[in-house]
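Working notes, structure below.
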There are 2 protein chains.
Amino acid sequence: MITLTEENYIKSIYHLGKQGVNNVSTNAIAKDIKTKASSVTDMVKKLSEKGYADYKKYQGATLTEKGKRVAVSIIRKHRLWEVFLVEKLNFSWDEIHEVAEQLEHIKSEKLIKQLDAFLEYPTHDPHGDPIPDETGKIKSIDKILLSQAQIGDACICVGVQDSSSEFLKYLDKNNIALGTELIVVHKEPFDNSVTILVSAKEFIISNMIANNLFVKVG
Amino acid sequence: MITLTEENYIKSIYHLGKQGVNNVSTNAIAKDIKTKASSVTDMVKKLSEKGYADYKKYQGATLTEKGKRVAVSIIRKHRLWEVFLVEKLNFSWDEIHEVAEQLEHIKSEKLIKQLDAFLEYPTHDPHGDPIPDETGKIKSIDKILLSQAQIGDACICVGVQDSSSEFLKYLDKNNIALGTELIVVHKEPFDNSVTILVSAKEFIISNMIANNLFVKVG
DNA sequence: AATAATTTTTAGATTTATCTAAAAATTATT
DNA sequence: AATAATTTTTAGATAAATCTAAAAATTATT
Ligand SMILES: [Mn+2]
Ligand SMILES: [Mn+2]
Ligand SMILES: [Mn+2]
Ligand SMILES: [Mn+2]
């Protein structure tokens, strides 16, 4: 039996492990989960005992294959529920994450299988993140951060790095959604802001925005 | 903040309070929740402190208005989710209860409002139980147990008392569903079994079955 | 290489929900 | 009314997840 708390730690280790180092530090998990390092040490020991993680003192944690399977399964549920909320219940993309954080822990094989079918096997969630298939396979498209695009590049928005409500509302306000086409007109060396051309209008976005928006070039 | 455990106790007190006495006994709750009486005493004290229940030592517990509102809200969620599982995800009525037990605790006003709309404001769940409206109002139809029906009564099945998988599968196997029409042909005084006429065929059901099937006469 | 700063772990408490065993109160039976 | 049976409560323990404060180990800086 795996508890909700254990699931959240596993998810955190998975996400942090993706973005850089394999051995995820105690402090990194603590910050992510909003708990104290001492609590993380305890939990990471438990996950190790249960076979979900490898852990040696002072060396951080990594997920075992078993742990990874759990992580991917939770992420699959999370993203399918997000699709459901947007497609079927008319939520907007900035309102879904918190609800999906709860729904991802519902335990029923059949539920998620049927939900997947009901949504007609979506491949990406409303934030552009790929949905792992039943076997845990994740096929990610090649996307780059808008901040990495070159002047003259014609891009399509395909995802967000940060899916906080504040950031998503900013994009809504400025008519940027997934699928929106844009051209990089100028990159200001001084502050790394980017001038983009969206629906025939020029528009300047800060480096922070450009650093959180994924695009596909070409 | 109300915990999942507190919600389950409140739901139990509500259900037990309906079926008979107002002051629900410690033992009754313990049996229902599958816990020990001593645990119930502790929790009932806490619910009382938090204003969800009235409790005096050795006198059992009743829900306050606040407690009742919580109970009805959980029941509303439970039943809406059951409708969703059957109508949208092709679950059968004997598979939904356990999943709904989990889903009923998801916290999001908008979620349940939108789900209700998505399901087109259903009035009853797949077991024939009424779904409380947004304000908490429950309009129940007048139904009786089949065991109470008289010989010659033409009935329509409208609900089940017991919604265990075993009972529901029994009904499925014998082609009895909500909406099925039947006529009471005979009531055997010796064992209280009931002979019914369903789709032009006679069929004997035990008293136990007749005691768990709700019908509308006329 | 020694010292300082930071990170991580340990030790001990706390909170929530549970349990067992015993005591107290209530209810039923003689 | 006294005794027996049952129900309910209390007292004390336990498990999960958290916390604070202090100790230990690691990493960075002089
Ligand atoms: Mn999300
Ligand atoms: Mn997402
Ligand atoms: Mn149910
Ligand atoms: Mn039901």
Side-chain angles (χ1 to χ4, degrees), chain A residues 1-14 16-17 19-63 67 70-71 74 101-102 104-105 107, chain B residues 1-14 16-17 19-63 67 70-71 74 101-102 104-105 107:
Chain A
M1 232 284 302
I2 187 164
T3 69
L4 184 144
T5 313
E6 286 164 358
E7 287 190 345
N8 282 334
Y9 273 90
I10 289 172
K11 203 171 45 133
S12 175
I13 297 171
Y14 182 87
L16 294 169
Q19 320 166 174
V21 231
N22 298 46
N23 276 54
V24 181
S25 79
T26 304
N27 256 3
I29 299 170
K31 196 182 168 192
D32 187 44
I33 298 229
K34 290 167 203 0
T35 185
K36 295 296 150 75
S38 54
S39 305
V40 174
T41 302
D42 285 345
M43 180 55 84
V44 146
K45 277 181 188 166
K46 185 157 69 137
L47 291 179
S48 169
E49 276 163 26
K50 287 195 170 189
Y52 295 113
D54 288 322
Y55 164 72
K56 275 195 236 83
K57 269 192 196 178
Y58 298 99
Q59 309 252 118
T62 32
L63 292 182
V70 171
I74 300 168
E101 287 284 305
Q102 299 177 61
E104 71 188 6
H105 300 290
K107 275 154 188 85
Chain B
M1 233 284 302
I2 186 164
T3 69
L4 184 144
T5 313
E6 287 165 357
E7 287 190 346
N8 282 334
Y9 274 90
I10 289 172
K11 200 170 48 134
S12 175
I13 297 170
Y14 182 87
L16 294 169
Q19 318 165 175
V21 230
N22 298 47
N23 276 54
V24 182
S25 79
T26 303
N27 256 3
I29 298 169
K31 196 182 168 190
D32 187 42
I33 299 229
K34 288 167 205 0
T35 185
K36 294 298 151 72
S38 54
S39 305
V40 174
T41 302
D42 284 346
M43 182 54 84
V44 145
K45 276 181 189 166
K46 186 157 68 135
L47 292 179
S48 168
E49 274 162 28
K50 286 194 168 189
Y52 296 113
D54 289 321
Y55 164 73
K56 276 194 236 83
K57 269 192 194 180
Y58 297 101
Q59 311 252 115
T62 31
L63 293 182
V70 171
I74 301 168
E101 287 284 305
Q102 299 177 63
E104 72 187 5
H105 300 289
K107 275 154 188 85

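Chain naming here is simple, since letters A, B, ... match the order of the sequence lines and numbering starts at 1 in each. Just so you know, these numbers use all the heavy atoms, side chains as well, and skip hydrogens, waters and symmetry mates. It should be emphasised that the depicted structure is a prediction, and the values quoted were computed from it without experimental measurement.
- Residue A/Glu6 contributes atom CD, which lies 10 Å from atom P of D/dT18 at whole-angstrom precision.
- The nucleotide whose nearest atom lies closest to any side-chain atom of A/Ser25 is, among D/dT18, C/dT8, C/dC19, C/dT8.
- When both pairing distances are held under 3.5 Å, C/dA13 makes a Watson-Crick or G-U pair with D/dT18.
- The separation between B/Ile33 atom CD1 and C/dA17 atom P is 12 Å, rounded to whole Å.
- Going from atom NZ of A/Lys36 over to atom P of D/dT20 covers 4 Å, rounded to whole Å.
- Between A/Thr3 and A/Gln59, it is A/Thr3 whose nearest contact on DNA chain D lies nearer the 5' terminus.
- Other residues, nucleotides and ligands contribute more than 12 heavy atoms inside 6.0 Å of the NZ atom of B/Lys107.
- In this entry D/dT8 has C/dA23 as its Watson-Crick or G-U wobble partner, both defining distances falling under 3.5 Å.
- Look at CG on A/Asn8: it is 17 Å from P on D/dA16, rounded to the nearest Å.
- We find that CG of B/Asp42 is positioned 10 Å from C1' of D/dA11, with the value rounded to whole Å.
- The side chain of A/Met43 lies closest to D/dT18, out of D/dT9, D/dT10, D/dT18.
- If you measure from atom NZ of A/Lys56 to atom C1' of D/dT26, you get 16 Å, rounded to the nearest angstrom.
- In this structure, D/dT3 and C/dA28 make a Watson-Crick or G-U wobble pair, each of the two defining distances being under 3.5 angstrom.
- Atom CG in B/Leu4 sits roughly 18 Å away from atom P in D/dA16 (whole-Å rounding).
- One can place CE of A/Met1 at 11 Å from C1' of D/dA16, the figure rounded to the nearest angstrom.
- In this structure, B/Tyr9 reaches the C/dT18 phosphate: one of its side-chain N or O atoms is under 4.0 Å from OP1 or OP2.
- Looking at heavy-atom distances under 4.0 Å, A/Ser39 makes contact with a base.
- Side-chain N/O atoms of A/Thr5 include none lying less than 4.0 angstrom from OP1 or OP2 on D/dA16.
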Task: A/Asp54 vs A/Gln59, side-chain contact (heavy atoms from CB on, under 4.5 Å): CA-CA, chis, key distance, verdict - done: CA-CA 10 Å; A/Asp54 288 322; A/Gln59 309 252 118; over 6 Å; no
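- Of the candidate nucleotides C/dT18, D/dT9, C/dT8, C/dT8 has the atom lying nearest to any side-chain atom of A/Thr41.
- You won't find any donor-acceptor pair under 3.5 Å spanning the side chain of A/Ser38 and the base of C/dT8, going by distance alone.
- Judged by distance alone, with hydrogens and angles left aside, the side-chain atoms of B/Lys50 form a donor-acceptor pair with the main-chain N or O of B/Met1 at under 3.5 Å.
- Annotation: side chain of A/Tyr14 is not in contact with side chain of A/Ile74 (no heavy-atom distance under 4.5 Å).
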Task: Candidate pair B/Val44 and B/Ile29, rule side-chain contact (heavy atoms from CB on, under 4.5 Å), full reasoning - done: CA-CA 10 Å; B/Val44 145; B/Ile29 298 169; 4.2 Å; yes
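- A close approach under 4.0 Å does not occur between any side-chain nitrogen or oxygen of A/Lys57 and OP1 or OP2 of C/dT8.
- Comparing C/dT9, D/dT10, D/dT9 against the side chain of B/Thr26 picks out D/dT9 as the nearest.
- Across all their heavy atoms, B/Gly67 and B/Ile10 have their closest contact at O-CG2, 3.4 Å.
- The phosphate of D/dT10 (OP1 or OP2) has no side-chain N or O of B/Tyr58 nearer than 4.0 angstrom.
- Taking only side-chain nitrogens and oxygens, A/Asn27 never comes nearer than 4.0 Å to OP1 or OP2 of C/dT6.
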